[in-house]
There are 2 protein chains.
Amino acid sequence: MHPCSACTVRTLTVCAALEAEELRRLAEILQTTRFDAGHTVFGEGDPAETLYNVTSGTVKVYKLLPDGRRQITGFLLPGDFFGLSVNDSYAYTAETVTPVSLCRFPRRRMEALLDEFPKMQRRLFSMASNELAAAQDQMLLLGRKTAKEKICSFLLLLSQRASRRGHKTNPVHVPMSRADIADYLGLTTETVSRTFTQLKTSRVISLLEGNKVQIQDMDDLLDLAEGA
Amino acid sequence: MHPCSACTVRTLTVCAALEAEELRRLAEILQTTRFDAGHTVFGEGDPAETLYNVTSGTVKVYKLLPDGRRQITGFLLPGDFFGLSVNDSYAYTAETVTPVSLCRFPRRRMEALLDEFPKMQRRLFSMASNELAAAQDQMLLLGRKTAKEKICSFLLLLSQRASRRGHKTNPVHVPMSRADIADYLGLTTETVSRTFTQLKTSRVISLLEGNKVQIQDMDDLLDLAEGA
DNA sequence: CGTCCGCTTGACGGAGGTCAATTTGGGTGG
DNA sequence: CCACCCAAATTGACCTCCGTCAAGCGGACG
């Protein structure tokens with residue numbers, strides 16, 4: 001019995017569509033770990049020796065400017081992969097938002113496995129393509145959307161991602177702080193807060209207990225997210 | 001004799017590190033085309049039946065909001081690959097900036113070839129990873145940099161990309177319009193123009209004939225690009 | 001030589017940033 | 001169980017960077 005057999009996100013990630021034999025080989029090189037909230041998994045510039053897969057919780061990845069300005073380039077949910085690097089060091093920092101469970105894959109051994117199982121390689125490529133498409137959406141958001149459109153897009157994104165993981169789309173769980181949301185959307189915490197208030201006042205959303213946001217009118221939100 | 005033997009950007013793209021046999025097979029499915037400046041290669045939402053490789057000229061890819069706001073997510077230079085899609089339609093529009101030569105690969109046949117030659121698959125994955133890292137840099141730029149930092153970063157990017165293609169890094173050729181630069185950096189043409197003037201006045205750059213920008217002090221520019 | 005388009009420059013305004021003061025709420029110890 | 005504490009969130013007042021609108025300017029091309 002290896003841990004993968006109980007893995008609830010296997011279908012979402014690189015492990016999907018592996019044969020029993022392939023899965024066994026993957027499980028051989030894999031380690032599982034847990035971290036508390038607020039733990040730095042690796043820092044920008046650290047030697048990139050490990051690949052990670054989120055199995056529970058939320059991770060944020062971000063880049064910094066010398067003066068401390070921060071851009072969060074993604075929130076990683078169960079099933080998401082991270083730790084790929086172009087040269088031999090990570091190009092960003094990865095930090096847990098909530099308590100998190102991770103699978104660790106030593107990079108070298110993972111690369112060997114990818115060469116051996118083209119199906120896995122292909123799956124990873126497909127995941128990278130998806131990420132690329134998401135990155136392009138995010139560029140449109142950062143470069144051209146207003147604060148209100150950004151917040152609405154963000155809520156929709158969380159809702160859609162929850163849906164893909166088989167959770168209910170509404171209300172949507174928002175585990176990250178206002179500061180994290182701000183750094184993801186290219187805003188300040190104050191603007192994020194004001195915009196939430198504004199959306200609440202105009203009855204598009206309401207804020208529930210436990211960091212949950214109830215979407216009152218999904219169609220309104222979809223229009224608001226694109227400025228229509 | 002197939003066209004690849006004369007290709008000057010082969011080492012930069014997916015065709016690099018292919019065996020003669022693999023290259024021959026790739027050449028079999030490949031078509032070359034030329035377009036004038038300002039030609040739409042494909043539009044967002046079009047069925048994604050072809051992959052492209054730039055062999056000369058510059059291509060821009062962009063996404064639009066319903067009201068016409070535009071975000072250019074990348075400028076593609078010789079050796080760059082584009083046309084990958086997640087589902088079966090393109091997620092962005094591709095349009096030529098200058099006269100352009102392209103290699104066209106029918107998607108289905110390309111996928112078959114990728115399955116047959118894992119080395120190519122791997123190379124493509126590596127290129128996608130690079131693009132992903134570039135996308136993350138661009139998110140940092142769009143979300144957190146000032147207009148001046150954006151322009152300086154942009155000039156440095158062009159200079160570095162020229163360098164990787166074996167061209168001289170300075171002066172740097174800027175083939176795209178102010179409007180395109182603006183839509184790439186999340187600014188307006190007016191701000192782009194003003195910022196160029198400002199950099200010119202403070203003797204960081206000077207504008208030369210033929211859309212060339214002379215970088216007067218590379219270290220200054222590097223610092224300005226990161227707000228240091 | 002006139003027209004057009006892209007670029008530049010100027011004047012002005014507003015979306016969102018900055019700084020600061022409260023308020024809220026989750027965690028902790030008495 | 002409650003009082004306290006502190007970080008996070010909210011709200012307000014003010015300001016700035018960049019967008020908007022508008023007017024030149026100059027090179028390309030018919």
Side-chain angles (χ1 to χ4, degrees), chain A residues 36-38 60 65 67-72 95 97-99 141-155 173-202 205-213 224 227, chain B residues 36-38 60 65 67-72 95 97-99 141-154 174-202 205-213 224 227:
Chain A
D36 288 337
K60 63 188 175 199
L65 287 170
D67 63 3
R69 279 174 288 170
R70 186 174 70 146
Q71 179 65 43
I72 293 181
E95 190 179 322
V97 173
T98 64
L141 178 149
L142 290 169
R144 290 303 181 206
K145 290 190 182 180
T146 65
K148 192 197 263 193
E149 288 161 2
K150 285 176 177 182
I151 295 286
C152 292
S153 300
F154 178 63
L155 291 173
H173 183 221
V174 184
M176 59 290 286
S177 68
R178 296 288 184 262
D180 283 348
I181 298 172
D183 283 346
Y184 182 61
L185 300 177
L187 300 171
T188 59
T189 60
E190 292 92 332
T191 299
V192 171
S193 191
R194 275 187 255 272
T195 307
F196 268 114
T197 305
Q198 191 188 335
L199 290 172
K200 203 172 51 180
T201 305
S202 55
I205 62 169
S206 49
L207 306 184
L208 308 181
E209 307 228 311
N211 299 318
K212 290 216 166 22
V213 175
L224 285 173
Chain B
D36 288 338
K60 64 188 174 197
L65 288 171
D67 63 3
R69 280 174 287 170
R70 187 175 70 145
Q71 179 66 42
I72 293 182
E95 189 179 324
V97 172
T98 63
L141 178 148
L142 290 170
R144 290 304 181 205
K145 289 189 181 180
T146 65
K148 191 196 267 195
E149 289 161 2
K150 285 177 177 180
I151 295 286
C152 292
S153 301
F154 179 63
V174 183
M176 58 291 287
S177 68
R178 296 288 182 263
D180 283 348
I181 298 173
D183 283 346
Y184 182 60
L185 301 177
L187 298 172
T188 58
T189 60
E190 291 92 333
T191 299
V192 170
S193 190
R194 276 187 255 270
T195 307
F196 268 113
T197 304
Q198 191 189 335
L199 290 172
K200 203 171 51 179
T201 306
S202 55
I205 62 170
S206 49
L207 305 185
L208 308 181
E209 307 228 309
N211 299 318
K212 291 216 167 22
V213 175
L224 285 174

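Below, chains carry the letters A, B, ... as their sequence lines are ordered, and counting in each starts from 1.
- B:Thr98 pairs by the side-chain hydrogen bond (donor to acceptor under 3.5 Å, both in side chains) definition with nothing, not counting sequence neighbours.
- Partners of B:Thr191 under the side-chain hydrogen bond (donor to acceptor under 3.5 Å, both in side chains) rule, at least two apart in sequence or in another chain, are B:Thr188.
- Nucleotide C:dC7 holds its P atom 12 Å from the CG atom of B:Leu207, rounded to whole Å.
- Rounding to whole angstrom units, NZ of residue B:Lys150 and P of D:dC17 are separated by 14 Å.
- Among the protein residues, B:Ser177 comes within range of the sugar-phosphate backbone only, with heavy atoms under 4.0 Å from sugar or phosphate atoms but none that close to a base.
- The salt bridge (Lys or Arg N to Asp or Glu O under 4.0 Å) search around A:Asp67 returns A:Arg69, not counting sequence neighbours.
- In terms of the side-chain hydrogen bond (donor to acceptor under 3.5 Å, both in side chains) criterion, residue partners of B:Ser153 (sequence neighbours excluded) are, by chain and number, B:Lys145.
- C:dG27 atom C1' lies 15 Å from atom CG of A:Asn211, rounded to whole Å.
- Applying the ring-ring contact (aromatic ring centres under 6.0 Å, His included) rule to A:Tyr184 yields the partners A:Phe75, A:Phe154; only residues at least two apart in sequence or on another chain are considered.
- Counting only residues at least two apart or in different chains, salt bridge (Lys or Arg N to Asp or Glu O under 4.0 Å) contacts with residues 181-191 of chain A comprise A:Arg70-A:Asp183, A:Asp183-B:Arg144.
- Applying the salt bridge (Lys or Arg N to Asp or Glu O under 4.0 Å) test to B:Lys60 and every residue at least two apart in sequence or in another chain returns B:Glu95, B:Asp180.
- Note on the helix from C:dC1-D:dG30 to C:dG30-D:dC1: angle between the axes of the first and last five pairs equals 40°, rounded to 10 degrees.
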Next on the checklist: Return a single string for nucleotides 20-30 of chain D, one symbol per nucleotide in 5' to 3' order, where B is base contact, S is sugar-phosphate-only contact and - is none, cutoff 4.0 angstrom on heavy atoms.
Outcome noted: BB---------
